[in-house]
Each structure stands twice: as structure tokens, then as C-alpha cells.
There are 2 protein chains.
Amino acid sequence: MTELEHYLQSYFDFDQSDLTTVASFFKPEFVKKGDYYLKTGKSCNKLSFIQTGILRVYVNLEDREVTQWISSKGYFITDLSSLIFSKPSRWNIQALADTTLYTIDKADYDRIGDFIPKWHETEKLFIAHCFVTLEERVFSFLSMTAEQRYNVLFENSREIFNQVPLQYIASMLGMTPETISRIRRKQLI
Amino acid sequence: MTELEHYLQSYFDFDQSDLTTVASFFKPEFVKKGDYYLKTGKSCNKLSFIQTGILRVYVNLEDREVTQWISSKGYFITDLSSLIFSKPSRWNIQALADTTLYTIDKADYDRIGDFIPKWHETEKLFIAHCFVTLEERVFSFLSMTAEQRYNVLFENSREIFNQVPLQYIASMLGMTPETISRIRRKQLI
DNA sequence: CTGATTTCTTGATATAGGTCAAGTGGCCTT
DNA sequence: AAGGCCACTTGACCTATATCAAGAAATCAG
């Protein structure tokens, strides 16, 4: 089993034959550190799986950037509203390190259900899982302090803390880099 | 076309025959003001469509309640993680007014795809749409002040402001009722 | 290795929004 | 219509977090 198939298996309940078929639609793609996987306003006509590297999803506002999410090895990446509903992308997606991806283009994405009968149901479950995760994230803003949100992210995503400038992590948590610095210092004592 | 079919049509791309089939799975349900549609920890074995009334989705914390969402006429309601992944419900869902629903139980929900070939794909699109809406909501916490979040909700959901105690709306926006009061006064001047 | 950038930390100060407490007003219930 | 809730508003004060500015540390380019 290839590495991609191995990862697909961890997300989706497919047999070996379906795994092979699904994996065959994905092609290698490389994004150099600092380059863009996607830019705001463009059509996001692809869905990718991150093999190595790290991507930052963010929006340019008038006076600052807001980081919506940071995605690393083992995660999928796309702008769902653009891919599925053919809207212009809301996000910029930039590589924070050299990044290797497996990418399926929209044409193949749209016909994968013709080859794998369970595809739509399986994808539905996957998106539902993403939805539930986002519900938890909304809840964290309603119910937690900055320090609690920081701790939860740190416990669940230690890997990004070594690789990503603090300012981006702070933005994604809805706080400033100074606040993270102070939380860290407080927790040393 | 029944009222339910009419609403289903507004969300889903089904022909009349499919609409009739889907609608036939939903049965009327009534929840009296103050009563619960769902309680934390129980299994949510149903999905409902709100015909009239209003429901509050919330969590009991040690020292307070946090309102995650308020759902009214024309919206679907369930705890997705419980319905789809058979987890215990995270939310309490309580009627803030007498509420009439059309409800499909989990047994029927699980077999609806056997009758409507496009069901899984259609439901996938619907859940994807919900996901995109939640992404926007997360973004509002990352990028907006309390006043901006209040204004956006007010523009988009005027109907709930007449019917729902301010404290619940405030909680769902991640602020206190006093803050909403002050925002309102400021905007009068 | 060195200078230039970028990132991180720290301190001083500012502010959005929270907390607490009192008062007002609406609207059920009897 | 009187009493009793609730919900809402307002004021005084407080606190978590932001902002601004400077310096320290890390990283990068040559």
C-alpha cells in the first residue's frame, strides 16, 4: 500500500480496490516555501492532501492579515466553498515550508463518484466530521479564555508549534502574539 | 406541494417524485415552550425541520450556560455528531416557544439513501454548505468586534430578535447581555 | 562568520468588554 | 389592579487582552 493509500484508509472506510482507485486520481504537486497554493478570488479547482510541509490559510484585511487555519502533514486542504459551489476563493493558502501534496483536480473530483459507489456517502461522513470539529471551535470562542484556547491547541497540534511563526498561531486563536508570549511565561513559573 | 416539500425544494435539488418520497419520511412532532427536544448525553436519534417555533442549542457549564445556536422556522435541527457518529449528544436543545417540527428518526434517516439515489450526494452538499457557514462564523470571532458581530447577526436574523431573550443571543455571539444593551444604546444616538 | 531581517519577549499603558448591583418596565397570574 | 417575575438597561468599577515601543534572540543571506 502506498503512503497515500495508507492515509486515505485512516480517514475513509474503503476496501483495497477502492483505495487504489481513489489514490490513482491524486497527482503529486509541490509548493515552495513562501509560494501560494491558492489566492483569494481565484477559483479553487482542486483538493489536496498534504504529504509533507505546512500551509497557512488566511485573509488579507485592510490593515492586517487574519489566519483562519494552519494545515500540516496528513490533512486535506482546499477552499470548500470554491471547490464545491464554484465561488471565488475566500482564502489565501500559502506554504510556510516546502510542501509536497497529492492533488486531485476538480474534473476528476466531480467524477470520482462514478467509479466508487460509496464515494458520496463516504465524503459526506468526512465533511460531517469536519463540521463537528468546527462546531467545537466555535464553542471554544464562546466558552474559553485565551489561555484555555491556547492550551487546547497546544495539546492537539504540538507539531505546528515548532514550525510556525507565533503570530500566525496567535491570529488563528483570536489573540495577539504578545498574549501567547505572556501565557507561555506564566506557565513556566 | 405540501409546505414541507416546498421547504425541502428550497434546500435540495430533487424532482417532485423524490420530494414526495423524502417528505413522506418526516412525521409531525410538537415540543412545548420550555420543554426539551434533546438533552446532553442522550443519543440524538432524529433529524428535524422546524415548521414553526424556536429552539435554543446550549451547553451547561459549571457556572453558566453557553448558547451555541438558535434555530427557527425553516431550519433543520439535530446534533450531527450524535446522529451520524452515534456519540452522546453534546447539546441541550430546548424550545423557547411552542414548536412544531417534521421529524425523521434515525432508522429512516439511515435508509433514505436506499430510496433516493441522489440522497447522499445531496446531503453532502447540504452539510458542506453548513460547514462553509460555520467557517464564516469562526472568521467572525477572529476578525470582528462585539459590535460588528452583533450587527451581522441582526441583519441576517432579525426574526430571532423579537422572540428570544437577549441573554441567549448575547451568549451565542460570545458577549454579555449588558454589552448588547450598550451597543444598542450607542446605535440610537 | 557577520550583518540584516524577522521573530519573540517584555514593560508600560490603553481599552473593549466583563462583572456586580441597582433600578425600570413589561407582562403574567390571580 | 396588585404582586411577582423576568428581561432589559444603566452606572461604577474591574480585568483580560490589545497596543505600542524597545530590546533580545533566532534565522537567513551572502
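All values reported here derive from a predicted model rather than from experimental measurement. Every heavy atom of this structure was used, including side-chain atoms; hydrogens, water molecules and symmetry mates were not.
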Length of the [atom1]-[atom2] vector between [X] and [N], whole Å:
X      : N      : atom1 : atom2 : result
A:Y168 : C:dT6  : OH    : P     : 10 Å
A:D63  : D:dA18 : CG    : P     : 15 Å
B:F161 : D:dC8  : CZ    : C1'   : 14 Å
B:I180 : D:dT10 : CD1   : C1'   : 16 Å
A:K33  : C:dT5  : NZ    : C1'   : 13 Å
B:N162 : C:dC27 : CG    : P     : 13 Å
B:Q163 : C:dC27 : CD    : P     : 15 Å

Any donor-acceptor N or O pair under 3.5 Å, side chains [X], [Y]:
X      : Y      : value
A:T103 : A:D105 : no
B:T179 : B:T176 : yes
B:S89  : B:T40  : no
B:E135 : A:Q68  : no

### Query
Given A:F76, which of A:Y11, A:Y7, A:W69 fulfils the ring pair (Phe, Tyr, Trp, His ring centres under 6.0 Å) condition?
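Answer after filtering A:Y11, A:Y7, A:W69: A:Y11.
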### Task
Consider the side chain of A:R182, meaning its heavy atoms from C-beta on, and name the nucleotide among D:dA7, C:dC8, D:dA18 that approaches it most closely.
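Out of D:dA7, C:dC8, D:dA18, the nucleotide with an atom closest to A:R182's side chain is D:dA18.
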### Message
Applying a 4.0 Å non-hydrogen cut-off, can you work out what A:E178 is touching in the nucleic acid: base, sugar-phosphate, or nothing?
### Response
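The residue A:E178 makes base contact.
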### Message
Need one value for A:P165: base, sugar-phosphate or nothing, where a base atom within 4.0 Å counts as base even if backbone is also close, heavy atoms only.
### Response
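It contacts sugar-phosphate atoms only.
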### Separation of B:S71 OG from B:R56 CZ (nearest 0.5 Å)
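Rounded to the nearest 0.5 Å, the CZ-OG separation comes to 13.5 Å.
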### Task
Would you indicate, yes or no, if D:dC8 has its OP1 or OP2 atom less than 4.0 angstrom from a side-chain nitrogen or oxygen of B:Q167?
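Checking D:dC8 against B:Q167, no side-chain N or O comes under 4.0 Å of OP1 or OP2.
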### Task
Return no unless some side-chain N or O of B:R185 is found under 4.0 Å from OP1 or OP2 of D:dT9.
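For B:R185, the contact criterion (side-chain N or O under 4.0 Å from OP1 or OP2 of D:dT9) is not met.
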### Query
Partners of B:K118 by salt bridge (Lys or Arg N to Asp or Glu O under 4.0 Å), sequence neighbours excluded?
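B:K118 satisfies salt bridge (Lys or Arg N to Asp or Glu O under 4.0 Å) with B:D13 once adjacent residues are dropped.
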Pairs: protein N or O with nucleotides 14-17 of chain C N or O, under 3.5 Å:
residue: C:dG17; atom: OP1; partner: B:A146; partner atom: N; Å: 2.8

